[in-house]
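Taking it in order: structure first as structure tokens, then the write-up.
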Number of protein chains: 2
Amino acid sequence: MSDKNQKQFRSGCPVSSSLDLIGDKWSLLIIRDMFYFHKRTFKEFSSSPEKISTNILSNRLNQLENMKIIQKNQFKDNKKSFAYTLTESGLCLIPTIIEILIWGDHNLQDLNPGLFDLGISDLKNNQVAKENYISKIRESYLKKLPHSLAPLTN
Amino acid sequence: MSDKNQKQFRSGCPVSSSLDLIGDKWSLLIIRDMFYFHKRTFKEFSSSPEKISTNILSNRLNQLENMKIIQKNQFKDNKKSFAYTLTESGLCLIPTIIEILIWGDHNLQDLNPGLFDLGISDLKNNQVAKENYISKIRESYLKKLPHSLAPLTN
DNA sequence: CCGGATCCGTTTCGATACTG
DNA sequence: CAGTATCGAAACGGATCCGG
């Protein structure tokens, strides 16, 4: 896991430890990819259109694991591949990220060509719809988890 | 405003333009300082405990202004100082950032020594209280704005 | 003094090549 | 497939300088 020359979250500043995490584009993107697009493996993450490079990806996965936001698992049948899954803390980030996306959808439209619409436009100012949407995503995430996973405690 | 050697948000990636903004620690911190601590001037921002350096601060203020999240104003009586204020888009970020802080408060307590408590612990799972809290912050922000500000269109 | 701009050494990123 | 190693490029942090 040698992580010289790699970003270390500083934390320890008042209030800002969460901003340290959220204030990192790649961590955010990884988590979004997990609950939105059900990505789980290293390969899947590295093939997102935002093109995270493998060393950064590796670094962020370790970091998120240390913060207990994600968990690294083995497939019982395939020892060569690993599946990263959201912990409960990670799942609790769903509303937060949805909130961010809704904001962006309404306030950055000029920057955001809406290449693919996640259908969140209508959620603003509709609390009930928003909560429904969020719990759907959470359930869908949990339902689609492979059964054959064993946590890795390396 | 020459911004060589300075971070340029990439945007243009699908969905992620909002994550480009939010996924930047300093922008986030500046906005938090604005609505939470009513900071407005260059000096006030640069004296936050997170110690943003002046070149980075300058860069982010310009960036946020370009995105129309903040606005640069002159004091009518004091031409030497400028006041940065939140636009409507900026104000709409309040719920988002609160959401982030609530999450951090509940999920990163080990990292977050709670040096100063913003009193958001109880808002989780209490939608009504949360909305109240948010509108209080928004109103308080607007109420405390200096009256003697004139927008700057440089 | 205030709001930056500029310079410079250090850290982190990003792209790609490489390894078990 | 899941990472590591490497290296040039970009961003950062700190200090200093400067016009108003």
Side-chain angles (χ1 to χ4, degrees), chain A residues 1-10 13 16 20 23-30 33 39-65 70-75 77-85 146 149 152 154, chain B residues 1-10 12-13 16 19-21 23-30 33 39-66 70-75 77-85 146 149 152 154:
Chain A
M1 188 207 287
S2 85
D3 253 348
K4 303 165 191 275
N5 311 343
Q6 291 290 353
K7 170 167 185 163
Q8 296 298 116
F9 289 123
R10 299 197 299 167
C13 289
S16 64
D20 252 359
D24 177 78
K25 182 188 171 183
W26 297 122
S27 305
L28 229 41
L29 238 25
I30 290 170
D33 281 349
K39 294 187 179 176
R40 281 181 285 269
T41 66
F42 195 94
K43 172 136 193 241
E44 286 168 334
F45 295 124
S46 58
S47 66
S48 71
E50 288 88 357
K51 303 236 175 220
I52 183 170
S53 60
T54 58
N55 51 350
I56 305 297
L57 174 57
S58 177
N59 175 260
R60 295 305 193 275
L61 288 173
N62 284 325
Q63 210 120 29
L64 290 169
E65 198 187 350
I70 66 174
Q71 192 180 36
K72 188 172 182 176
N73 308 280
Q74 268 186 108
F75 293 98
D77 44 356
N78 175 5
K79 300 267 181 185
K80 291 173 196 165
S81 197
F82 302 95
Y84 296 89
T85 57
L149 292 184
L152 205 82
N154 77 322
Chain B
M1 184 203 296
S2 82
D3 252 350
K4 304 164 190 274
N5 311 345
Q6 291 290 353
K7 170 167 185 164
Q8 296 299 114
F9 289 125
R10 301 197 299 166
C13 287
S16 64
L19 299 184
D20 253 357
L21 166 74
D24 178 76
K25 183 189 170 182
W26 297 122
S27 306
L28 229 42
L29 238 24
I30 289 170
D33 281 350
K39 295 188 178 176
R40 281 180 285 270
T41 67
F42 195 93
K43 173 136 194 242
E44 287 168 334
F45 295 123
S46 57
S47 66
S48 71
E50 288 88 357
K51 303 239 173 214
I52 182 169
S53 59
T54 60
N55 52 351
I56 306 296
L57 174 57
S58 176
N59 174 260
R60 294 304 194 275
L61 288 173
N62 284 325
Q63 209 120 33
L64 290 169
E65 198 187 351
N66 289 338
I70 66 174
Q71 193 181 35
K72 188 174 183 175
N73 308 278
Q74 266 185 107
F75 292 99
D77 45 354
N78 175 5
K79 300 268 182 185
K80 292 173 196 163
S81 197
F82 302 94
Y84 296 89
T85 57
L149 292 185
L152 205 83
N154 79 323

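Treat the numbers as computed from the prediction; the structure is a model and nothing was measured. Quick note on labels: first sequence line is chain A, next is B, and so on, each numbered from 1.
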**Phosphate OP1/OP2 of C:dC13: any A:W26 side-chain N/O under 4.0 Å** = no

**Request:** From the options D:dC12, D:dA2, C:dA15, select the nucleotide whose nearest atom is closest to the side chain of A:F42.
**Result:** D:dA2

**Complete:** Here the distance between atom P of D:dG3 and atom CG of A:L64, to the nearest Å, is 13 Å

**Request:** Using a heavy-atom cut-off of under 4.0 Å over every strand shown, decide if A:T41 touches base, sugar-phosphate, or nothing.
**Result:** sugar-phosphate

**Asked** B:E44 CD to C:dC1 P: how many Å, rounded?
**Response** 17 Å

**Prompt:** Quick one: A:N62 CG to D:dT4 P, roughly how many Å, whole number?
**Reply:** 7 Å

**Request:** Give the C-alpha distance, both sets of side-chain angles, the deciding distance and a yes or no for side-chain contact (heavy atoms from CB on, under 4.5 Å) between B:E50 and B:W26.
**Result:** CA-CA 9 Å; B:E50 288 88 357; B:W26 297 122; 4.1 Å; yes

**Message:** How many whole angstroms separate atom NZ of B:K51 from atom P of D:dC12?
**Reply:** 18 Å

**Request:** Identify the two heavy atoms, one from A:K7 and one from A:G23, that lie closest to each other, and give their separation to 0.1 Å.
**Result:** NZ-O, 4.2 Å

**Request:** Can you tell me the distance, in whole Å, between the CG atom of B:N78 and the P atom of C:dC2?
**Result:** 10 Å

**Message:** Taking the basic N atoms (NZ, or NE/NH1/NH2) and the acidic carboxylate oxygens, is any pair closer than 4.0 Å for A:D24 and B:K25?
**Reply:** no

**Request:** Taking only the side-chain nitrogens and oxygens of B:K72, find out if one of them lies under 4.0 Å from OP1 or OP2 of C:dG4.
**Result:** yes

**Message:** If the cut-off is 4.0 Å, is A:S81 near the phosphate of D:dA2, judged by side-chain N/O to OP1 or OP2?
**Reply:** yes

**Asked** Testing A:N55, A:N62, A:T54, A:L61 for side chain to side chain contact (heavy atoms under 4.5 Å, CB included) with A:S58, which one passes?
**Response** A:N62

**Item:** Heavy-atom donor-acceptor pair, A:S53 side-chain to C:dT16 base, under 3.5 Å
**Value:** no

**Prompt:** Under 4.0 Å between a side-chain N/O of B:K80 and OP1 or OP2 of D:dG20, yes or no?
**Reply:** no

**Prompt:** Can you check the A:K79 NZ to D:dG3 C1' distance for me, whole Å?
**Reply:** 18 Å

**Request:** Please report the C-alpha distance between B:Q74 and B:F82 in whole Å, then the side-chain angles of each, then the deciding distance to 0.1 Å, and finally whether the side-chain contact (heavy atoms from CB on, under 4.5 Å) criterion is met.
**Result:** CA-CA 5 Å; B:Q74 266 185 107; B:F82 302 94; 3.9 Å; yes

**Item:** Residue A:K43, side-chain atoms from C-beta onward, closest of C:dT12, D:dC1, D:dA11
**Value:** D:dC1

**Message:** For a quick check of understanding: with a heavy-atom distance under 4.0 Å over all strands, which category does A:Y84 fall into, base, sugar-phosphate or nothing?
**Reply:** sugar-phosphate

**Prompt:** Taking CZ from B:R40 and P from C:dC2, how many angstroms apart are they, rounded to a whole number?
**Reply:** 16 Å

**Prompt:** Under the 3.5 Å rule, do the base of C:dG4 and the side chain of B:N55 count as making a donor-acceptor pair?
**Reply:** no

**Message:** Does a side-chain N or O of A:S58 approach OP1 or OP2 of D:dT4 to a distance below 4.0 Å, or not?
**Reply:** yes

**Complete:** When rounded to whole Å, the CD1 to P distance for the pair B:I56 and C:dC8 reads 17 Å

**Asked** According to a strict under-4.0 Å criterion, is A:R60 in side-chain N/O contact with OP1 or OP2 of C:dC13?
**Response** yes

